[in-house]
Amino acid sequence: MVVDAAHQAYNTMSSTPPKKSEERSKKKSSQMNGFHVRPAPGPGRSLSSAPTAQRRLSGSAMYSCGWMRRSESSCTLNNSSGGGARGRMRPAGSLPSISKAAADNRTVKRTSCLLVALRPTNVEQERDKFFLSDYSYNPQFQYQEPMSAGVVEKYSQASNQFLAQALRILNAVLKKYGSYESFESLTGGGLLSKCQIWACCRRYMQKESCSGEVVVQLTEDLLSQAVMTNENSRPTLTINLLGARQHWLEGMLRHEIGTHYLRGVNDARQPWHGSESRKQFGLKAVNPTEEGLASLHSVLFRKHPYLWRAALLYYTVSRAATCSFSVLFSELQQFVEDPAVRWEYCVRAKRGQKDTGQPGCFSKDQVYLDGIIRILRHRRNINFRLLTSLGKVAFEDVERLRPFAELASTRLPHFMRDMEKYHQHLNHIMEMNQLSDEELQSLLPAADALFITGD
């Protein structure tokens, strides 16, 4: 992974005097979904420089400072070329932490990361072959690291449990907007410039009182819209430039920062933090709760909160399990006209395979809709504030964990301050996606555990 420019800046913060900030961008041109979007700087103008940050370590290795570190790195996740140190990349479920200053010059041993292992190293070459073949060629993917047999087995089986709901959501969007491209344009807005993305991220982190805690990187080389990881023990948010739209970016930040990051911060304070402690407490897997909750937060305040992406990922994986890459690509045309977008969905569903001409899928992407539906089924009985405060836990475990929880210094996202409004938005999501309590109760007839009610 390309180590971001903020890494080097961080090492010299204590010895370099702060620079004066450049002239701020002109006043906002519009206000969208809570953001004041400013135009990108013109020629000769630069982004405002960051003042000197003061690190503050406390409790579970948390820190804060007065600026948001950022990077212009392309963040090529599977770059195997030499040059530069590799960041240690860990999933968002691990502790947001920062290494000691003396450790910054150490060579960090590279560890296997699912995100890296699943990205084909020859994806661009195979993409060219596929498009030149008029979409008939089935890509032959290569990978930087061999896939773990356990990972292959865990994510090799697709589910059809919520396929009817996924198709209904997709068809509802097409009925209203005519095509996905129209839906994206009308509800997502235009793509944001780098300058606008920095500004939006800065304002959102101020809302969550976590300015300076997360490194932000921009890239065009992600299969997802964004990913929250730990790189060199620093919480790092990598955003896909090709998916950062005016009206959708704050939803992505609620997903990655307001959900994944803050739940990780809270988890670090709990006695069940760490794999061994989780086993001692007998915790259920954090998913599908984690991704389901984050996905709901992505659309929480939209006027038309369609669960399109979660539904299409669910459907794509379901079909990938029984057909080849080229057939899957053809079938997705009924939902997505743009071949480039369809390619990305097919790569996600077929990642991990070498010969994509064979039936098979990587089923992890079904977790989003699966988690959404399970949470909506029990939304009236889940204490969402407590669920967030307890960290990386499933909603089924909330009741029994409360007596052991450390709640004094936990952090909640700003959008959970008004829980009455929060529940109203969950109900609106149900209505817009044509989901009913009767249907969800029929799909999931029995609660898996006792819940604690009230927020």
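Residue numbers start at 1 and run along the sequence shown.
- For Glu420, the CD atom counts as loosely surrounded, since its 6.0 Å shell holds 12 or fewer non-hydrogen atoms of other residues, nucleotides or ligands.
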Going through the distances and angles, do Leu174 and Phe183 end up as a side-chain contact (heavy atoms from CB on, under 4.5 Å)? CA-CA 8 Å; Leu174 295 182; Phe183 165 68; over 6 Å; no

Is there a side-chain contact (heavy atoms from CB on, under 4.5 Å) between Ile257 and Cys210 once you walk through the steps? CA-CA 9 Å; Ile257 302 294; Cys210 63; 3.9 Å; yes

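- At a threshold of 4.0 Å, the pair Glu126-Lys350 does not count as salt-bridged, since none of the basic side-chain nitrogens sits closer than that to a carboxylate oxygen.
- Side-chain contact, Gln144 with Thr121: no donor N or O sits under 3.5 Å from an acceptor N or O.
- Residue pairs meeting the side-chain hydrogen bond (donor to acceptor under 3.5 Å, both in side chains) criterion with at least one partner in residues 169-182, sequence neighbours excluded, are Tyr180-Glu184.
- Salt bridge Asp267/Arg263: absent, no basic N to carboxylate O contact under 4.0 Å.
- Looking at heavy atoms from C-beta onward, Thr289 lies in side-chain contact with Leu387 at the 4.5 angstrom threshold.
- Gln196 is not listed as a side-chain neighbour of Leu249, based on a closest heavy-atom distance of 4.5 Å or more.
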side-chain hydrogen bond (donor to acceptor under 3.5 Å, both in side chains) between Gln165 and Tyr314, intermediate numbers included: CA-CA 10 Å; Gln165 289 70 37; Tyr314 193 96; over 6 Å; no

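- Using a 4.5 Å cut-off on side-chain heavy atoms (C-beta onward), Val398 and Ile382 make no contact.
- Note on Arg234 versus Glu231: no salt bridge recorded, every NZ/NE/NH1/NH2 to OD/OE distance being 4.0 Å or above.
- Residues meeting the side chain to side chain contact (heavy atoms under 4.5 Å, CB included) test with Gln441, sequence neighbours left out: Arg377, Asp437.
- Using cut-offs of 30° and 60° on the angle between ring planes, the pair His297 and Tyr422 is perpendicular.
- When side chains are defined from C-beta on, Tyr306 does not count as touching Val299, because their heavy atoms never get closer than 4.5 Å.
- Proximity of Leu390 to Leu407: side-chain heavy atoms (C-beta onward) are separated by under 4.5 Å at one or more points.
- Of the candidates Arg203, Arg302, Lys207, Lys207 is the only one forming a salt bridge (Lys or Arg N to Asp or Glu O under 4.0 Å) with Glu250.
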Verdict with reasoning, Ser211 to Gln206, per side-chain hydrogen bond (donor to acceptor under 3.5 Å, both in side chains): CA-CA 6 Å; Ser211 297; Gln206 289 171 350; 4.9 Å; no

Just do the side-chain hydrogen bond (donor to acceptor under 3.5 Å, both in side chains) check on Asn266 and Ser389 with the steps written out, would you? CA-CA 6 Å; Asn266 292 337; Ser389 296; 4.9 Å; no

Under the side-chain hydrogen bond (donor to acceptor under 3.5 Å, both in side chains) rule, what do Thr187 and His304 come out as? Steps first, then yes or no, please. CA-CA 8 Å; Thr187 67; His304 302 293; over 6 Å; no

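- For the pair Asp365 and Arg351, the salt-bridge criterion is met [side-chain N within less than 4.0 Å of a carboxylate O].
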Does the pair His414 and Tyr204 meet the rule for a side-chain contact (heavy atoms from CB on, under 4.5 Å), with working shown? CA-CA 10 Å; His414 75 281; Tyr204 184 82; 3.6 Å; yes

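- In this structure, the side chains of Thr410 and Gln270 come closer than 4.5 Å at one or more pairs of heavy atoms.
- Two rings, from Phe335 and Tyr315, have their centers less than 6.0 Å apart.
- Annotation: salt bridge (charged side-chain N to carboxylate O under 4.0 Å, His left out) contacts of Arg319 (sequence neighbours excluded): Glu331.
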Glu208/Glu213 under side-chain contact (heavy atoms from CB on, under 4.5 Å): CA gap, chis, key distance, verdict: CA-CA 11 Å; Glu208 302 297 10; Glu213 295 180 15; over 6 Å; no

